Amino acid sequence: MKPFTFDTAHSIVFGAGVSGRIGELALQRLCGPASGEAASDGANARVLLVTDQGVVAAHLLDPALRSLRAAGLATEVFDGVVADPPEAVVLAAVAQARAMRATAVIGFGGGSPMDTAKLVALLARTGAALGDIYGVGKAVGPRLPLMLVPTTAGTGSEVTPVAVVTTGAREKQGVVSPLLLPDVALLDPELTYGLPHHVTAATGVDAMVHAIEAHESLNPNNNPLSRLLAREALRLLGDGIRSAVREGTHPEARCQMMLGAMLAGQAFANSPVAAVHALAYPVGAHFHVAHGLSNALVLPHVLRFNCETDGGAYAGVAPALFPFLAGTPASRRGLALADALAHLIEEIGLPTRLRDVAAGNGNRAGREVLPGLARDAMKQTRLLVNNPRPLSEADALGIYEAAW
Ligand SMILES: [Fe+2]
């Protein structure tokens, strides 16, 4: 067995309605001696809650704020996070944290508020400049005590050591450090009850891709824990996604999706994703579609490409997501997985062809854009090296053509 490392959140709290007890949990775990902030207790604790206006408008914060204030924690809200947060947003949140002399940070929302909160906890404590910590392992601690509370079931950001910031018109930079893993990941499936069905569907497919790519990743740190978590994630996500899309308040399905997305996050945080994500990023950037949908559009086609040279690819992971594939010979299971995923994506109501998003949503692109997408995909070298099969620009173009 190869050596490996596995990092995740210090503590995970899971349960329907648990965000209504966030004050008590924050007091215990972010303000006590266990947080490493011995001087901080409820009496002088000051919490900055980092979120976005969508979360506020959906009233998801109300029980949490009541709970924090009932626990005696002075709490301020920064609700200025936007999707793909630019540096200015991160710096504004850091400024608010410094001005209030925050002793703890809570990120509450989808991937963007959680990523912003990770950076606020670090920068408000150390005074480091954001520009100095981009890259792998550049961040230096300590950071403020940090809790992350997801309101979608997809990104897994609550258990990943990564924060992504938009630095130019389209340029993104990432901070990667175990310091960004929170003290507490608090998962309350009830926070996802009001998500529109297309968001549930797209974020759910994103989580599936995290698990599938983590399981098959060529990354040297691909490890038995990640593969175990990936298979359990796929079992939960596959079992829950149809019910969660059809009936947003389905308690069991929402629990399955939220836990499945987190397990997939733990898997890929330690065994990184590959060509599906590499080819999805240019789709998102060009057509302004959500990350999960970008993944769904290229997913079956990347899997088919990978199966061309290795008939046994995905044989171990496919039956976790679709138990009926256990009866398919291992040599044909990968292709059967791609077909079953294409069917599932259609069944849960997502667009299935690139041309569907290229010609809608304010876009009027034709297939002449595909070579540009292929060129951009090749820039994702950090992800492409993890793909089970080497992939050239011509291969990327072929996959986009198939997806068109
Ligand atoms: Fe993703």
Side-chain angles (χ1 to χ4, degrees), residues 8 83-85 107 109-116 118 148 150-166 172-176 180 185 192 195 198-217 219 222 226 229-230 233-234 236-238 241 257-303 306 317 321 341 344-345 348 350 357 376-377 379-380 382-387 399 403:
T8 195
D84 305 314
S112 298
M114 288 193 282
D115 278 13
T116 304
K118 292 172 181 176
L148 297 175
T151 58
T152 61
T155 71
S157 179
E158 69 276 13
V159 288
T160 66
V162 184
V164 179
V165 180
T166 303
K172 291 187 176 184
Q173 296 254 32
V175 178
V176 184
L180 300 184
T192 63
L195 287 177
H198 67 277
V199 177
T200 302
T203 49
V205 172
D206 183 32
M208 290 178 184
V209 177
H210 295 157
I212 293 168
E213 295 213 283
H215 198 275
E216 307 293 303
S217 179
N219 187 279
N222 187 340
S226 283
L229 294 167
L234 289 168
L236 290 162
L237 295 164
I241 194 163
M257 297 306 290
M258 183 149 264
L259 184 57
M262 188 204 69
L263 298 178
Q266 291 178 310
F268 91 89
N270 296 282
S271 177
V273 293
V276 180
H277 273 74
L279 269 70
Y281 283 127
V283 172
H286 277 77
F287 303 134
H288 307 290
V289 297
H291 172 70
L293 175 54
S294 310
N295 270 300
L297 288 163
V298 297
L299 171 61
H301 309 284
V302 174
L303 298 194
N306 287 342
V317 76
L321 182 55
L341 276 165
L344 174 67
I345 288 164
I348 58 179
L350 292 174
V357 299
D376 282 357
K379 295 178 189 160
Q380 301 287 337
R382 185 177 60 85
L383 303 176
L384 290 171
V385 293
N386 299 324
N387 198 53
I399 291 169

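These figures come from a predicted structure and were not determined experimentally. Each ligand, and each atom within it, is numbered from 1 in the order the structure gives.
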Student: Taking only residues two or more places apart in sequence, or in another chain, which ones meet Ser294 in a side-chain contact (heavy atoms from CB on, under 4.5 Å)?
Tutor: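 Partners of Ser294 by the side-chain contact (heavy atoms from CB on, under 4.5 Å) criterion, ordered by chain and then number, come out as Ala280, Val283, Val289.
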Student: Pull up every protein N/O/S atom sitting under 2.8 Å from the Fe ion (ligand 1), skipping waters.
Tutor: Asp206 OD1, His210 NE2, His277 NE2, His291 NE2
Student: Aromatic rings His291 and His277: how do their planes relate, parallel, tilted or perpendicular, breaks at 30° and 60°?
Tutor: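 Tilted.
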Student: Is the backbone of Asp84 close enough, under 3.5 Å, to the side chain of Lys172 for a donor and an acceptor to pair up by distance?
Tutor: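 No, because the side chain of Lys172 does not come within donor-acceptor range (under 3.5 Å) of the backbone of Asp84.
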Student: Sub-3.5 Å donor-acceptor pair from the side chain of Asp115 to the main-chain atoms of Val164, do we have one?
Tutor: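 Pair found, side chain donor or acceptor close to backbone of Val164.
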Student: For the residue pair Ser226 and Asn270, confirm or rule out a side-chain donor-acceptor distance under 3.5 Å.
Tutor: no
Student: Enter the distance from Leu350:CG to Leu299:CG here, rounded to the nearest 0.5 Å.
Tutor: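 Rounded to the nearest 0.5 Å, the CG-CG separation comes to 11.0 Å.
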